[in-house]
Amino acid sequence: MVGLGCSASAPHEAPPVSVLIVVVDTLRADHLGTYGYPIPTSPNVDALAAGGAKFTRAYAAAPWTYSSVASLFTGLLPAAHGAVLPGLVKNEAKDPVVVPLGADFSTMAERFAAAGFQTALFARNGYLGHGNEQGFATYENPKRSRAADQAKRAVAWLETVPTATPFLLAVHMMDVHVPNRPTSASRALFPAIAALADEERDRVERFRVRFGGADDPAGAMFRTRRTAMYDASIRDVDTAIGRLLAGLGERRRNTLVVITADHGESLWDHDELERSLYSDPRRLRGVGHGQAFFEEVERVPLIVSLPGAIPPATHSEVVSLVDVLPTLLEQLGLAAAENIDGRSLVPLWKGAALPGRPAVFDSVCFGRDKQGILEFPWKFTRSNAEPDLLVNLDDDPGEHANVASLHPEQAARLAAALDIELARSRARGEGLRSPSVSGVVPALDEHEELKELGYVE
Ligand SMILES: [Zn+2]
């Protein structure tokens, strides 16, 4: 909830700036052209990034939808907002429950609504509910909806908003999440799947295959095809983003656009390391998301575009999705959010330095509870009853060498820093939460949906 109203009017005659935020579920940064991917997955996003602020070290606060989106929408880490799966081992039960995002927390949509914005969320993932939807006057979350349909619905909604009224439009697209069912137009761009028979394609729309190590030819082919299915799905989402941007029409000049993701996806990047460190109730290794904090899952795209107001630039500071809310509030001149974990990134384009700050990772949804911290280049992850993981992203950007035992002093320093960050965040959450709010709710309505999302067998 939001206690204070505030004015959205700018000091000059220009109409108030609106916001379009697109969250592409499961989109790792490094599979977009603008982040260096050599395959043309993302022409529309690349063009948008060329004219905006692009963050090359932006991190999700959690490696799965529910907790990560709650952090994006509240500016709080999971330790504060508590929208998590409870328990020391996650998702062992067939019917997982989540702690709902408390009504006490002020969300992005509530803050914008209080400032006179019209608000809408077009989603297709049960985890956008359970409190993540609070504050959106229009909220659609059907079980089946492609990015293309969502873009159409969102543009139709835009047409109902009077031109003088600012809006916050959030679209959460699921096409890049398994099961990947790219359109034939996008498949045609990827030779590994362009001519695949339907039944073969059905096999590779998910990651549920168990094969031998890197030398297994069947495994290598499966991996190539699955990666192409993932990439072709990005292409579909990119096309939908292009339609959304076009649908802004005249309003584009006055709409701040954010493109990001709630987390990325493992495509066998750390098969061996995961096997050696972690247990997973699904008995999967190196695929999907939610079980670890490797770069392919935690490093997300973050592009912020408002031509004329935000200069095009590439920013390599470590930032977190908890920073998005305070950045939007400052850029639009709305009341700042007090006592949150994130901080505004606006100083970066106002020519001011922003002191370094670590990114914190928390709230896994598979396997043993874990927390992590990145103070570039050191990244440290600890888990209850599993080994510590320390990597140096400068020496080892692919995160293949666990140097925790080689650099115990770094591991100890980061563990202490992590304790401080988590304690601070937890205290923040306790200050914001009403003590009477507690309890858990079933994570998703139907077993079928959990299955579809890859959360249960
Ligand atoms: Zn997600």
Side-chain angles (χ1 to χ4, degrees), residues 28-29 53-64 67-68 70-72 74-82 84 260-264 292-302 314-327 337 339-348 352-364 369-384 387-399 401-404 406-429:
R28 50 192 283 174
K54 175 172 74 177
F55 292 88
T56 58
R57 292 193 184 109
Y59 289 88
W64 67 298
S67 301
S68 177
S71 289
L72 173 72
T74 60
L76 295 166
L77 295 169
H81 64 59
V84 302
T260 191
D262 55 349
H263 52 79
F293 303 132
F294 294 113
E295 291 288 279
E296 64 272 17
V297 170
E298 282 296 336
R299 195 168 75 94
V300 291
L302 179 60
T314 298
H315 302 282
S316 58
E317 291 81 1
V318 170
V319 303
S320 166
L321 290 191
V322 295
D323 300 330
V324 171
L325 170 68
T327 301
N339 202 23
I340 59 169
D341 292 312
R343 60 169 173 178
S344 171
L345 305 174
V346 169
L348 289 174
L354 209 53
R357 193 188 262 195
V360 174
F361 315 118
D362 195 1
S363 180
V364 293
D369 203 14
K370 293 174 185 61
Q371 293 88 32
I373 186 167
L374 168 65
E375 263 186 36
F376 196 85
W378 296 101
K379 188 169 168 188
F380 173 75
T381 300
R382 71 171 177 219
S383 149
N384 63 321
D388 288 347
L389 172 62
L390 179 72
V391 296
N392 182 319
L393 291 172
D394 248 347
D395 302 342
D396 176 27
E399 296 177 287
N402 183 3
V403 294
L406 279 178
H407 297 283
E409 75 298 340
Q410 286 293 350
R413 187 182 66 79
L414 288 163
L418 180 56
D419 284 337
I420 291 169
E421 295 289 336
L422 292 171
R424 186 188 295 143
S425 180
R426 209 170 292 122
R428 241 176 214 135

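All values below were derived from every heavy atom in this structure, side-chain atoms included, with hydrogens, water molecules and symmetry-related copies excluded.
D262 places no side-chain N or O within donor-acceptor distance of the main-chain N or O of S68, the cut-off being under 3.5 Å. Using a distance-only test at 3.5 Å, with no hydrogens or angles considered, a donor-acceptor pair links the side chain of T327 to the main chain of L345. Listed for the D323 side chain is a donor-acceptor partner under 3.5 Å among the backbone atoms of R343. Without hydrogens or angle criteria, W64 side chain to H263 main chain gives no donor-acceptor distance under 3.5 Å.
Screening residues 292-301 for side chain to side chain donor-acceptor pair (under 3.5 Å), with sequence neighbours left out, gives Y59-E295, S266-E296, H270-E296, E295-K379.
For the atom pair CZ (R428) and CD1 (I340), the distance works out to 8.0 Å, reported to the nearest 0.5 Å. Distance CG/D369 to CG/N384: 5.5 Å, rounded to 0.5 Å.
Of all non-hydrogen atoms in D394 and N392, the two that sit nearest each other are N-OD1, 2.9 Å. The shortest non-hydrogen separation linking A29 to V300 is CB-C, 3.6 Å. Closest of all the heavy-atom pairs between S363 and A62 is O-CB, 3.8 Å. Across all non-hydrogen atoms, the minimal contact from D388 to A404 is O-CB, 4.1 Å. Nearest heavy atoms, S316 versus T56: CA-OG1, 3.3 Å. When all heavy atoms of L418 and I373 are compared, the closest pair comes out as N-CD1, 3.8 Å.
A search for side-chain hydrogen bond (donor to acceptor under 3.5 Å, both in side chains) contacts involving D396 returns nothing, not counting sequence neighbours.
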Show your working on side chain to side chain contact (heavy atoms under 4.5 Å, CB included) between V391 and N402 and close with a plain yes or no. CA-CA 6 Å; V391 296; N402 183 3; 5.7 Å; no
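Each of R382, Q371, R424 was evaluated against D419; a single residue qualifies, R382, per the side chain to side chain donor-acceptor pair (under 3.5 Å) test.
R357 and D341 are not joined by a salt bridge, as no carboxylate oxygen comes within less than 4.0 angstrom of a charged side-chain nitrogen.
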